[in-house]
Structure formats: C-alpha cells, structure tokens
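Have a look at the structure below, then the notes.
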2 protein chains.
Amino acid sequence: MDHYSEQLDGIFQALADPTRRAVLARLGKGPASISDLAEPFDMALPSFMKHIHFLEGSGLIQTRKQGRVRTCVIEKQRFQAVEAWLSQQRSLWEGRTDRLEQFVTKAQAEGD
Amino acid sequence: MDHYSEQLDGIFQALADPTRRAVLARLGKGPASISDLAEPFDMALPSFMKHIHFLEGSGLIQTRKQGRVRTCVIEKQRFQAVEAWLSQQRSLWEGRTDRLEQFVTKAQAEGD
DNA sequence: CGAATAGTGATCCATAAGGCTAAGTATCAT
DNA sequence: ATGATACTTAGCCTTATGGATCACTATTCG
C-alpha cells in the first residue's frame, strides 16, 4: 500500500505538467527521438530535456541512446500505479471497507 | 480543451503529495473537520491548511464553515478528469483515437 | 464574562521546478 | 577532416512549494 506512495509522488508530479503530458500522448503512438519530441514545443532543448529526465525518473518512460540519437519509449505498465490508486480511492467511498463503513455512515449522517 | 489541461495540472499536482493523498483517503470515508484531518500529521496547522487550500483549489475537495468548524468533503466527480485522461492515454497506445476520445472529453465536460 | 477551541493571516525560510544561455561532446555525412 | 547534427553539462534566474512561527479572530462552553 505504501509501496505506491513513493512512486505516486513522482508519477503524479510528472503528470502535473502539460508539456510532459503532451510528450506522453505523443509517445503513446510510438517511440520517438528527443528532437522529434521537442519539435512541437517552443522551448530550449536543455529545458525540454529536464522534462524527459523527469519522466524517465518517474518511470513513465524509458530512454536508450544509440549513436547520437536518444529514443524514448512509454512505459505503459507504470500507469497501473495511478489506476490502482484510483481504484483504492473509489473503493473507499463506495463503502467496500468492512468496519469502517459504520463510521462512514455515521459521519455522513452528521455531515449532512 | 486547454481548460481541461489546466484542470489536470492542478489535480495531478494536488495528488503528487502524500499528505494530500492521505487527506483524500480519509475524506473518501466521509466528511471531516480540519482538525480531525490534521490530527494524524506531525505538522503545524497553518502548514496543513495549505494542503487543504491546494486540494480545494484543485476542486478535489469542497469545504464549508459552520460556526468555528470547517468541514471538508471529497468531490468524487473531479476524479473523473484523471480517469478521462488515463482513458485517452490508453486509447492512444491501443490505436483507437476517434470516438473514445470524444466520449471521454464529453464526460469530463458534464462532470463539471 | 472569561477561557478554551478552531481556524486565519502574515511573514519567513530552504529547496525544487521550470525556464534560459553558452559552451562542450560525440556521432554521422560528405 | 570538417562541418553539421543531436544531444549534454553547467550555470543562472524567478517563482512555487512545503514547511515553520507568531499573532489574531471568531465561536462555544462553564
């Protein structure tokens, strides 16, 4: 349960930036080089590279350099951490928690 | 939609902190006051309040003050934005980029 | 009324994030 | 061998984040 937590910090933070989400969207269609990925953005390359490093650090992408070209690939399975967290969260408010449910019901009655 | 993207910035950023995720988990079980929410954390109240404000700003929670007590409630709909984004992302790497994306975008708009 | 409770407001501080430029390294093409 | 290409490294800058404190207001309770 707390295994996720460290990963989630990085993953959610990686997702909190529009440039990085756009990169992920692009990589969703298939691998690409740094310069291909950077091309749509009005940003200096070193700045863009920071986003790539951030994404790689979070595990959402993987990169590999062959010759002078670094190719980036999306790491689909990493997104499962987000889905798992969402499921956990949803399970809480859908009352799929045994003892706690009584407390929840009571709290909600008082809250309303 | 760029409005959609800005929402995601805030939402993902809100989710990128373990304290805030813990607050959401707690609120998933039902409404709670600020001091109830703050109690588990070894943190000064003003510091904790920043997290509450952040969460409220992202729309993931709503708060209401009655007397001297502010009660916080989770905004379940808001999580749809995350699920929508995940669906979009998955649709990209699964190669279906037309109908589902529209469905997702529409669902998000109605979720507001 | 007076005291405890519940939250605010106003700083302050250190570090991280996200951008920049300028210069450097390693390939690849000719 | 030279030059272009594709990154990299190293700084620098500004703003945001996540924490703290101290002083303050507004309720509620005895």
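The residue A:Ile34 sits close only to the backbone: its heavy atoms come under 4.0 Å of sugar-phosphate atoms, none of a base.
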Could I get a table of every N or O pair under 3.5 Å where one atom is in the protein and the other is in nucleotides 10-12 of chain D?
none

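Taking atom CG of A:Leu37 as the reference point, atom P of D:dA6 lies 13 Å away to the nearest angstrom. Rounded to an integer number of Å, the gap from CD of B:Gln13 to P of D:dT15 is 17 Å. What separates CE of A:Met49 from P of D:dT9 is a distance of 8 Å, to the nearest Å. Atom CG in B:Leu45 sits about 15 Å away from atom P in D:dC22, given to the nearest Å.
B:Arg21 meets the salt bridge (charged side-chain N to carboxylate O under 4.0 Å, His left out) test with A:Asp9; sequence neighbours excluded. Partners of A:Phe54 according to the ring-ring contact (aromatic ring centres under 6.0 Å, His included) rule, which considers only residues two or more places apart in sequence or in another chain, do not exist here. For the side chain to side chain donor-acceptor pair (under 3.5 Å) test, residues two or more places apart in sequence or in another chain that qualify with A:Glu83 are B:Arg90. Scored by the side chain to side chain donor-acceptor pair (under 3.5 Å) test, A:Glu39 finds no partners at all (sequence neighbours excluded). Listed by chain and residue number, A:Thr63 satisfy the side chain to side chain donor-acceptor pair (under 3.5 Å) test with A:Glu56 (two or more places apart in sequence, or in another chain). Under the side-chain contact (heavy atoms from CB on, under 4.5 Å) criterion, A:Val69 pairs with A:Ser33, A:Thr71, not counting sequence neighbours. Shown here are the side chain to side chain donor-acceptor pair (under 3.5 Å) partners of A:Arg26, two or more places apart in sequence or in another chain: there are none.
Of the side-chain N and O atoms in A:Ser47, none sit less than 4.0 angstrom from OP1 or OP2 of C:dG18. The phosphate of D:dT17 (OP1 or OP2) has no side-chain N or O of B:His51 nearer than 4.0 angstrom.
Using cut-offs of 30° and 60° on the angle between ring planes, the pair A:Phe79 and B:Trp93 is perpendicular.
Taking the side chain as every heavy atom from C-beta outward, B:Leu24 and A:Leu92 never approach each other to under 4.5 Å.
For the side-chain hydrogen bond (donor to acceptor under 3.5 Å, both in side chains) condition, the pairs that include at least one residue of residues 40-51 of chain B, sequence neighbours left out, are B:Arg20-B:His51. A ring pair (Phe, Tyr, Trp, His ring centres under 6.0 Å) check over residues 22-42 of chain B, counting only residues at least two apart or in different chains, returns the pairs B:Phe41-B:Phe48.
Side-chain atoms of A:Ser35 and base atoms of D:dA6 include no donor and acceptor less than 3.5 Å apart.
The A:Met43 side chain lies nearest to C:dG19 when the options are C:dG19, D:dT17, D:dG19.
The stretch residues 19-27 of chain A has no heavy atom under 4.0 Å from DNA chain D, so no residue of it qualifies as close. Contacts of residues 52-70 of chain A with DNA chain D (heavy atom under 4.0 Å): A:Lys65, A:Arg68, A:Val69, A:Arg70.
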